[in-house]
Amino acid sequence: MKILIAHNSYQHRGGEDVVAHAEANLLKHHGHQVTMYQRSNDELRDTSKVTAAANSIWSQQTVRDIVALCDSFQPDVIHCHNTFPLISPSLYWQASREKIPVIQTLHNFRLLCPQAMLLREQKTCEQCVGKIPWRAVAHKCYRDSALQSTVATAMLGVHRLIGSYRNKVSRYIVLSEFSREKFIAGGLPEDRIQIKPNFVLPNRIPKWIDRRGGVFIGRLSAEKGLDILIEAAKSLRAVHSLCSANPLIKIIGAGPLETPVKQVFEDAYLGFRPASEVTELLHSALFLIAPSTCYETFGLVAVEAFSCGVPVIASRHGGLGELINDGVTGLLFTPGDAVDLAKKISWAHTHPERMLEMGRAAYAEYLDKYTPEKNYRMLIDIYQQAMPTISGVGHAAQI
């Protein structure tokens, strides 16, 4: 099979970038021919605001590029990850002209919410789900900018109006049942939305000895719950050591809340670390903390923890709430509640044997659901289901 993967990468590499490349490598490993059409947000530095706004709605460069790639590579399917803002949904229309099915992975909630996280003022917000998202402009939801919120809203409005999302995408991939329900509520065709979680490459078999403390891995930002974790850490200070040779919580990552994180966690703040070092830290941790205040569509870092035999303390909502089996593969706490989070961290610290049991269950969950081989089979099944829909006999040809 020939697969063209399309992805608009971010200026700061994130989970979507990791998944797009991981799936490309997985397909190559299984003998498929894969070409990646990639554009980077770095291009925006040399692009005027007017041009960038117009291109986010309809990119003629994307159309030209896809014409050339379809002519030279002749893909069987086009799998899109992120198309905003440079690639744009113009890709869907050119693929339709070429009679090539499009699969779109929905890594975030962009098709429902211009801000993409269903979050406003650090609280979950679903006011635009299934509606014209004019409120995003009024509240400056996207990057706290009326202009940028208007551009993102216009992109959604135009392509909803002309049927890009309903008529030009053969299959949507979502990462959880939670996400599937949200997108159905938002108006996407239920029969074309399929669940396929992300996967994590296996590493060494975990050992459940010499594990202690917790770790946070990710962007140091409010939507990831860092302010909640900071408050929880302050309340734990009187009971547990945070900054000794064996700190209760280690923090790995970078982001806008780096200064307050340094102030509270001091030497336990490790900054950005390479993937190999992060894996080593996970193999020595008793638990991972994932305190997101936003709805996560999945929770790749949680599955990375599972693959190392580490249970997860996570917010009880979104994809994370679905991913963690409370009391079996981790612990769930009330989203945004620093007191409840502190209680769960303290309990985990004082019940290491129970956390080790949960770690074993988490590793079994990884082997059952999140290995590359299981993911590959699911992905190929979705491709094969999508391919007949452009042949002239499938239901998508009648839309």
Side-chain angles (χ1 to χ4, degrees), residues 10 12-20 22 81-82 105-126 128-129 141 172-186 193 195-200 214-229 232 251-253 255 257 278 282 287-307 310-326 329-337 340-341 344 362 365-366 369-370 375:
Y10 296 86
H12 303 288
R13 185 175 172 85
E16 295 180 35
D17 302 310
V18 171
V19 170
H81 286 270
N82 178 41
T105 295
L106 299 170
H107 292 280
N108 56 46
F109 295 105
R110 179 83 63 196
L111 297 195
L112 308 179
C113 164
Q115 183 253 15
M117 292 187 287
L118 297 176
L119 191 73
R120 181 162 65 86
E121 297 177 354
Q122 302 311 317
K123 295 181 181 179
T124 55
C125 173
E126 299 184 30
C128 292
V129 175
C141 288
Y172 287 99
I173 294 174
V174 296
L175 310 179
S176 62
E177 180 61 37
F178 174 85
S179 292
R180 185 174 187 274
E181 291 173 0
K182 292 298 177 195
F183 283 109
I184 291 171
I193 304 175
I195 300 171
K196 183 195 75 65
N198 293 326
F199 69 92
V200 171
V215 60
F216 170 92
I217 302 168
R219 178 171 165 78
L220 309 184
S221 57
E223 72 272 9
K224 295 297 183 181
L226 260 295
D227 50 348
I228 305 302
L229 181 55
I251 307 293
I252 301 169
L257 294 182
V278 172
L282 279 172
F287 54 91
L288 174 88
I289 306 169
S292 294
T293 54
C294 67
Y295 291 143
E296 297 282 1
T297 54
F298 183 59
L300 187 62
V301 70
V303 174
E304 289 173 348
F306 281 12
S307 75
V310 180
V312 180
I313 301 175
S315 303
R316 191 192 300 273
H317 67 178
L320 281 170
E322 183 178 323
L323 190 65
I324 311 305
N325 188 347
D326 194 18
T329 59
L331 301 171
L332 296 176
F333 74 95
T334 304
D337 189 336
D340 193 24
L341 175 57
K344 295 301 179 357
E365 185 88 343
Y366 163 73
K369 297 179 179 179
Y370 306 116
N375 208 272

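This structure is a prediction, so every number in the text was calculated from the model and none was measured. What you see below is based on every heavy atom in this structure, not just the backbone, and it leaves out hydrogens, waters and symmetry mates.
- A distance-only check finds no donor-acceptor pair linking the side chain of Glu365 to the backbone of Lys369 [under 3.5 Å].
- Annotation: side chain of Val19 is in contact with side chain of Leu300 (closest heavy-atom distance under 4.5 Å).
- For the pair Val215/Val310, no side-chain contact is recorded, criterion being any heavy-atom separation below 4.5 Å from C-beta on.
- Under the 3.5 Å distance criterion, the side-chain polar atoms of Glu121 are left unmatched by any main-chain donor or acceptor of Lys123.
- When each of Leu282, Leu220, Val301, Ile217 is checked for a side chain to side chain contact (heavy atoms under 4.5 Å, CB included) with Ile252, only Ile217 meets the rule.
- The closest donor-acceptor contact from the side chain of Arg110 to the backbone of Pro114 lies under 3.5 Å.
- Of the possible polar contacts, none joining the Asn375 side chain to the Tyr370 backbone as a donor-acceptor pair under 3.5 Å is found.
- With Arg180 contributing its side chain and Ile195 its backbone, the two residues share no donor-acceptor pair below 3.5 Å.
- The backbone N or O of Cys294 sits less than 3.5 Å from a side-chain atom of His317, completing a donor-acceptor pair.
- Side-chain atoms of Lys344 come within 3.5 Å of backbone N or O of Leu332 as a donor-acceptor pair.
- Less than 6.0 angstrom separates the ring centroid of Phe178 from the ring centroid of Tyr295.
- Looking at heavy atoms from C-beta onward, Ile251 lies in side-chain contact with Phe216 at the 4.5 angstrom threshold.
- Of the possible polar contacts, one joining the Glu322 side chain to the Glu177 backbone as a donor-acceptor pair under 3.5 Å is found.
- In this structure, the side chain of Ser315 engages the main chain of Ser292 through a donor-acceptor pair within 3.5 Å.
- The closest donor-acceptor contact from the side chain of Thr297 to the backbone of His107 lies under 3.5 Å.
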